[in-house]
Amino acid sequence: MLDAKFLRENLEEVESSLRTRGEAVNLAGFRECDTRRRGLLQESETLKALRNKVSEEISRLKDKSQAKDRMAEMREVSQRIKCLDEQLRDIEGELQGYLLTVPNIPHATTPVGASEADNVEVRKWGTVPDFSFAPKSHWEIGEALDILDFERGARLTGARFTLYKGAGARLERALINFMLDLHTGRHNYVEMLPPFMVNRESMTGTGQLPKFEEDLFRLDGVDYFLIPTAEVPVTNIHRGEILKGSDLPLRYTAYTPCFRKEAGSYGKDTRGLIRQHQFNKVELVKFTHPDRSYQELELLLSDAEQVLRLLDIPYRVMALCTADLGFSAAKTYDIEVWLPGQNTYREISSCSNFEDFQARRASIRFRESDKAKPEFVHTLNGSGLAVGRTVVAILENFQQADGTVLVPEALRPYMGGMERIC
RNA sequence: GGAGAGAUGGCCGAGUAGGUCGAAGGCGCUCGCCUGCUAAGCGAGUAUACUGGGUAAACCGGUAUCGAGGGUUCGAAUCCCUCUCUCUCCGCCA
């Protein structure tokens, strides 16, 4: 959410900046609402001040019957206030409606672009494997090794659900532990295990609601949602709090399953593990001082990259352009792994700085010193990494001519010493 | 699921026959004083949001907030209703 005051004073600049996202932006209604709100507010508050003053005078009277006419007068004032406050509530709802659906302003370093084709490659790492045979896709490998069962996954639930079996299940679990150990042990993140369902306030705090409800699984009977990413519960840990400046930055990591409806992606990535309704992810979340958030973004990105470096999987880092930027983000790097089976790079992590956009929605603040005014923190998060897609990358990059798959060395301790899936 | 108790400022905790309560007191914190150091002591200060004024930081004024929402009243932390959450006991249960 943007600051209403800032928006009021910089409406045109904000509009033109948001247009680079390729979204139709019309904030004229905001300005009108905002002006009306302040008018109503002043009228109501002036009357309240009067009522408070008169009520106090009445309280000092010994003989209340002397105040009959003033009480009658105040009765009318109160009626008027009630009426004004009702209008205020409506207009504030409308104003919130605007504010909650306006996306974040892209950071100056976010490249301007019209589509994902304009994303900018930041760096490449690793050597793309050179196969002496035609590399297979992970679903072919997984089915041949009997470690991924798409058919039975669909039987259990439906399309886009997969059953992992034997070494496949073990591989997924090994990756989760490997990633968590890396981030807690070497990158100084504190491990969290949050609820996998959250309420509406939490979803609004990080920006999934109100705009993207159709992407979420919602429970029947209670107003809870399955989390689409650990970003939601972990960022909301400090919703409504004022943190100590000396405690920043806070770094949290969490493994959670993620649930997404994938509405609007019919026909896309229908085969394999790439796009599932349920997938596992290890997430990195930071709460930082506003002055340091862009340095922290680089560090967070490198923490996520480290996973792929240790596993020895080739990847590249892309800076998303304005058109490809998520709703809440000011700047985003995607990490894309090389997938030989598909002869392309695919996203495996998305690392973003939300600046104070989420912090304002969720009211997450800090005090520089005990006397200082509270300020909004900056929130950041990134996948470290998407686990299912890491399995995909391992199967496709480490496949052998005989159909087996080598286990990356760093992962072997987590696989009970297993060197090869066969 | 059944029965009961509760929710007040950073924390603890007063305040329920409605008015001078944004809220006693304590702790914590900040600044100053004092003490050879530390501890103790003394004094002052110490919520947030919105909004008006001020070029603006400072500052001054107004309004709101005692779990949330609604009601009664000239006036609600205090009375009434609904909801949420927490705790205790019983039942059930991984």
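Letters go in sequence order (proteins before strands), and every chain restarts at 1.
Other residues, nucleotides and ligands contribute over 12 non-hydrogen atoms within 6.0 Å of the CD atom of A:Glu13.
If you take CZ of A:Arg89 and C1' of B:A64, they are 14 Å apart, rounded to a whole angstrom. Rounded to whole Å, the distance from CZ on A:Arg367 to P on B:C29 is 15 Å. The distance between atom CG of A:Asn52 and atom P of B:C21, rounded to the nearest whole Å, is 14 Å. One can place CD of A:Glu56 at 7 Å from C1' of B:U20, the figure rounded to the nearest angstrom. To the nearest angstrom, P of B:A49 lies 11 Å from CG of A:Asp3. We find that CG of A:Leu95 is positioned 14 Å from C1' of B:U51, with the value rounded to whole Å. One can place CD of A:Glu92 at 17 Å from P of B:U63, the figure rounded to the nearest angstrom. Distance A:Glu73 CD to B:U73 P: 18 Å, rounded to the nearest Å.
The residue A:Met74 sits close only to the backbone: its heavy atoms come under 4.0 Å of sugar-phosphate atoms, none of a base. Contact annotation for A:Lys5: backbone-only contact, meaning every heavy-atom pair under 4.0 Å involves sugar-phosphate atoms and none involves a base. Within 4.0 Å of A:Arg70, counting heavy atoms only, lies no atom of the nucleic acid at all. Within 4.0 Å (heavy atoms only), A:Ile58 reaches at least one base atom of the nucleic acid.
Between A:Ser78 and B:G75 there is a side-chain polar atom (N or O) within less than 4.0 angstrom of OP1 or OP2. Under 4.0 angstrom from either OP1 or OP2 of B:U72 there lies at least one side-chain N or O belonging to A:Lys82. Taking only side-chain nitrogens and oxygens, A:Arg60 never comes nearer than 4.0 Å to OP1 or OP2 of B:G19. Within the 4.0 Å cut-off from OP1 or OP2 of B:C74, at least one side-chain nitrogen or oxygen of A:Arg75 is found. Residue A:Arg37 has no polar side-chain atom (N or O) positioned under 4.0 Å from OP1 or OP2 of B:C50.
Remark: A:Lys211 engages A:Glu23 in a salt bridge, criterion side-chain N to carboxylate O under 4.0 Å. Using a cutoff of 4.0 Å between basic side-chain nitrogens and carboxylate oxygens, A:Lys331 and A:Glu298 are not scored as salt-bridged. Contact check on A:Lys48 versus A:Asp85 returns a salt bridge, with a Lys/Arg side-chain nitrogen under 4.0 Å from an Asp/Glu carboxylate oxygen.
In the model, A:Thr253 has no side-chain atom that pairs as donor or acceptor with a side-chain atom of A:His183 under 3.5 Å.
Both distances falling under 3.5 Å, in either a Watson-Crick or a G-U wobble arrangement, occur for no nucleotide opposite B:U35. Using the Watson-Crick or G-U wobble rule with both distances under 3.5 Å, B:C59 pairs with B:G53. Nucleotide B:U86: paired with B:A5 (Watson-Crick or G-U wobble, both distances less than 3.5 Å). A 3.5 Å limit on both hydrogen-bonding distances identifies no Watson-Crick or G-U partner for B:U73. Across the strands present, B:U16 finds no partner; the criterion is a Watson-Crick or G-U wobble pair with both atom distances under 3.5 angstrom. Here B:A64 sits opposite B:U48 as a Watson-Crick or G-U wobble pair (both hydrogen-bonding atom distances under 3.5 Å). In a base pair of the Watson-Crick type (N1 to N3 plus N6-O4 or O6-N4) or a G-U wobble (N1-O2 and O6-N3), with each distance short of 3.5 Å, B:C21 is matched with no nucleotide. If you check B:C93 for Watson-Crick or wobble pairing at under 3.5 angstrom, you find it has no partner at all.
Of the C1' atoms belonging to B:C93 and B:G4, the separation is 23 Å, rounded to the nearest Å. For the C1' atom pair drawn from B:U78 and B:A17, the interatomic distance equals 11 Å after rounding to whole Å. Rounded to whole Å, the C1' atom of B:G69 lies 34 Å from the corresponding atom of B:G53. Nucleotides B:C21 and B:C37, compared at atom C1', are 44 Å apart to the nearest Å. Nucleotides B:U38 and B:C50 place their C1' atoms 46 Å apart, quoted to the nearest Å. Atom C1' of B:A14 sits at a distance of 15 Å from the matching atom of B:A7, rounded to the whole Å. Atom name P, nucleotides B:U82 and B:A3: the rounded distance is 15 Å, in whole Å. Across B:G45 and B:C60, the matching P atoms stand 14 Å from one another, rounded to whole Å.
A heavy-atom distance below 4.5 Å is found between the side chains of A:Glu231 and A:Gln208. Considering only heavy atoms from C-beta on, A:Asn280 comes within 4.5 Å of A:Tyr255 through its side chain.
In this structure, of B:C74, B:U63, B:C85, it is B:C74 that holds the atom nearest to the side chain of A:Ser55. Nearest nucleotide to the side chain of A:Ser59, out of B:C74, B:U51, B:G19: B:G19.
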Under the side chain to side chain contact (heavy atoms under 4.5 Å, CB included) criterion, do A:Ile364 and A:Glu241 qualify, and how do the steps go? CA-CA 5 Å; A:Ile364 307 169; A:Glu241 294 184 11; 5.7 Å; no

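Both A:Ala49 and A:Arg365 sit near RNA chain B, but only A:Arg365 has its closest nucleotide nearer the 5' end. Positionally, the nearest nucleotide of RNA chain B for A:Arg8 lies more toward the 5' end than for the other of A:Arg8 and A:Leu50.
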